[in-house]
There are 2 protein chains.
Amino acid sequence: MSYKDKKVITIGVVRDLTGLSERQIRYYEERKLIFPERTPGGSRKYSFADVELLVEIANKIEDGVQTHEIRKEMLRAQKKQNQEDVRRKMIQGQLNAQFGLRKGPTS
Amino acid sequence: MSYKDKKVITIGVVRDLTGLSERQIRYYEERKLIFPERTPGGSRKYSFADVELLVEIANKIEDGVQTHEIRKEMLRAQKKQNQEDVRRKMIQGQLNAQFGLRKGPTS
DNA sequence: AAAACCATGTGAGGTATTCTAACAAACTTA
DNA sequence: TAAGTTTGTTAGAATACCTCACATGGTTTT
C-alpha cells in the first residue's frame, strides 16, 4: 500500500489540511462517507486519500448536495470500480491459464 | 511537495510504524538526526520520509554506529547532494539561456 | 403549518496522547 | 577513573481527542 492510503493522520491535522471543523469530519463519518481507522485508545487515523475525499465531499456540500446523495454517488462509483476490477482480474486469470508462469520457484 | 515529505504523523504513530520507543525517537532529534515540525501546541509531526530515515538510523545504531557518526555521514551526504543540485541547475540555466523558452505566455 | 430531517456549533466531562525534565543504569570511550 | 552514550522509567502538566447532548437555522416531508 502506498503512502497515500496509509491511515496515519490524526483529526487535528486533517482539520488543518482541509479547513473543515472536527465536527464536520466526524459527521461525515457518521453519514458513512469516510472510514478512518482507530488507535487502540480510540483516536481516529486518516490517510491522505481520506483527506482528498473530504475536500471533495466539502465541495459537494457547498454545492447543496446532501450527504445521503453523496453516499449514493460513492456507492455507484464503488460498484462500477468493482466490476472493472473483476473483469480485469478475470482476463488476467485467463491469460495466466493459457500462457502464464506456474507458481513456485522458476529460477 | 509529495505526500512522502508532508509532516503529518504524530509520534505515537511513528512509534508503531518503526517499532522504536518514543524515547529513542526524541533522542535522535536531540542529536540532530531528525527534524519534526510542531503543532501550535507543541506536538511533534513527522513525514513518511522521516519514518524511513528513522529506520535507517535504527539499523546503524544496531550496528554499533554512534549518533554523532551518523550525523557526520548525513552531513556528508547532504553536502554531496547540494553540489549535485547546484551543477544540475547551472547546466539547466545554460541550456535555457541558449535554447530555452522565454518566460510569459507562449501560446 | 407542524413535524422531521439536515448540517453544524458549542459545551461538559472524561480519556488518550504528548510534552519536558530528571534520575538511573549499563555500556563505551577517552 | 571520568566522561560520554543510549535507553528506560517516572512524574506532573499540557495538549488533543473522545462521546454525548442540546441548540440553531435551514430545508424537506407530511
Side-chain angles (χ1 to χ4, degrees), chain A residues 6-48 50-76, chain B residues 6-48 50-76:
Chain A
K6 271 200 114 68
K7 308 249 181 181
V8 297
I9 313 178
T10 51
I11 197 168
V13 177
V14 174
R15 166 175 40 66
D16 295 342
L17 290 175
T18 60
L20 299 173
S21 69
E22 296 182 19
R23 184 67 168 90
Q24 287 174 304
I25 298 167
R26 295 199 189 98
Y27 180 65
Y28 301 153
E29 175 182 359
E30 185 184 323
R31 304 314 303 269
K32 300 192 194 304
L33 301 181
I34 195 102
F35 304 93
E37 290 181 359
R38 299 281 184 137
T39 65
S43 294
R44 274 167 264 249
K45 290 186 303 179
Y46 301 85
S47 66
F48 282 111
D50 290 333
V51 169
E52 289 190 6
L53 182 52
L54 279 169
V55 171
E56 287 179 41
I57 291 167
N59 287 336
K60 288 181 184 171
I61 296 272
E62 265 195 285
D63 293 350
V65 185
Q66 294 191 154
T67 52
H68 74 270
E69 261 308 314
I70 299 174
R71 175 150 167 80
K72 279 190 219 161
E73 287 176 26
M74 285 174 48
L75 290 176
R76 275 195 295 271
Chain B
K6 271 200 111 75
K7 309 252 181 178
V8 296
I9 313 178
T10 53
I11 196 166
V13 176
V14 174
R15 167 177 36 68
D16 295 343
L17 290 176
T18 60
L20 299 172
S21 68
E22 297 182 18
R23 184 70 170 89
Q24 287 174 304
I25 297 168
R26 294 198 189 98
Y27 180 66
Y28 300 152
E29 175 183 359
E30 185 183 323
R31 304 313 302 267
K32 300 190 193 306
L33 301 181
I34 195 102
F35 304 93
E37 290 181 1
R38 298 281 183 136
T39 66
S43 294
R44 274 167 263 249
K45 291 187 302 179
Y46 302 85
S47 66
F48 282 112
D50 291 332
V51 169
E52 290 189 3
L53 182 52
L54 279 169
V55 171
E56 286 180 42
I57 291 166
N59 287 336
K60 288 181 184 171
I61 295 272
E62 265 195 286
D63 293 349
V65 185
Q66 295 193 152
T67 52
H68 73 269
E69 261 309 315
I70 299 175
R71 176 151 167 78
K72 280 190 218 161
E73 287 175 27
M74 286 174 50
L75 290 176
R76 276 194 293 271

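Chain letters run A, B, ... following the sequence lines, proteins first, then strands; residues in each count from 1.
For B:E69 and D:dT6, the CD to C1' distance is 16 Å, given to the nearest whole Å. As rounded to whole Å, 12 Å separates atom P of D:dT5 from atom CG of B:L33. Rounded to whole Å, the distance from OH on B:Y28 to C1' on D:dT6 is 7 Å. Taking atom CZ of residue A:R71 and atom P of nucleotide C:dA7, one finds them 13 Å apart after rounding to whole Å. Rounded to whole Å, atom P of D:dT6 lies 14 Å from atom CG of B:L54. In this structure, the CZ atom of A:R15 is 14 Å from the P atom of D:dT15, given to the nearest Å. One atom, CD of B:E30, and another, P of D:dG4, lie 14 Å apart when rounded to the nearest Å. The distance from atom CZ of B:R26 to atom P of C:dA21 is 12 Å, rounded to the nearest whole Å.
Note that the CE atom of A:M74 and the CD atom of A:E56 stand 9.0 Å from one another [nearest 0.5 Å]. Here CD1 of B:I25 is found 7.5 Å from CZ of B:R15. Values are rounded to the nearest 0.5 Å. Interatomic distance, A:I34 CD1 to A:L53 CG, rounded to the nearest 0.5 Å: 4.5 Å.
Minimum atom distance to the side chain of A:R44 is reached by D:dT19, of the listed C:dT18, D:dT19, D:dT5. Here D:dC22 is the nucleotide among D:dC22, D:dT7, D:dC17 with the atom lying nearest to any side-chain atom of A:R23. Comparing C:dT20, D:dC18, D:dT7 against the side chain of B:I61 picks out D:dT7 as the nearest.
Summary of helix geometry: the two end axes of the helix from C:dA1-D:dT30 to C:dA30-D:dT1, each defined by five base pairs via their C1' atoms, are inclined to each other by 30° (rounded to 10°).
Only one option out of A:E29, A:E22, A:E30 pairs with A:R26 in a salt bridge (charged side-chain N to carboxylate O under 4.0 Å, His left out); it is A:E22. Among B:E73, B:E69, B:Q66, the one residue that satisfies the side chain to side chain donor-acceptor pair (under 3.5 Å) test with B:K60 is B:E73.
In terms of phosphate contacts, B:T10 brings no side-chain nitrogen or oxygen within less than 4.0 Å of OP1 or OP2 of D:dA16. Note on A:S21: a side-chain N or O is less than 4.0 Å away from OP1 or OP2 of C:dG9. Remark: A:R38 is in phosphate contact with D:dT19, judged by side-chain N or O atoms under 4.0 Å from OP1 or OP2. Applying the 4.0 Å criterion to OP1 and OP2 of C:dA16, one finds that A:T39 has every side-chain N and O outside that range. Put simply, B:T67 has a side-chain N or O that comes within less than 4.0 Å of OP1 or OP2 on D:dT6. Applying the 4.0 Å criterion to OP1 and OP2 of C:dA7, one finds that A:Y27 has a side-chain N or O inside that range. In this structure, A:Q24 reaches the C:dT8 phosphate: one of its side-chain N or O atoms is under 4.0 Å from OP1 or OP2.
Sequence order on DNA chain D of the closest nucleotides to B:P40 and B:Q66 puts B:Q66 first from the 5' end.
With hydrogens and angles ignored, the 3.5 Å screen pairs no side-chain donor or acceptor of A:S43 with any backbone N or O of A:T39. Of the possible polar contacts, none joining the B:R44 side chain to the B:T10 backbone as a donor-acceptor pair under 3.5 Å is found.
A:R31 and A:Y27 form a side-chain donor-acceptor contact under 3.5 Å, judged by distance and modelled atom types alone.
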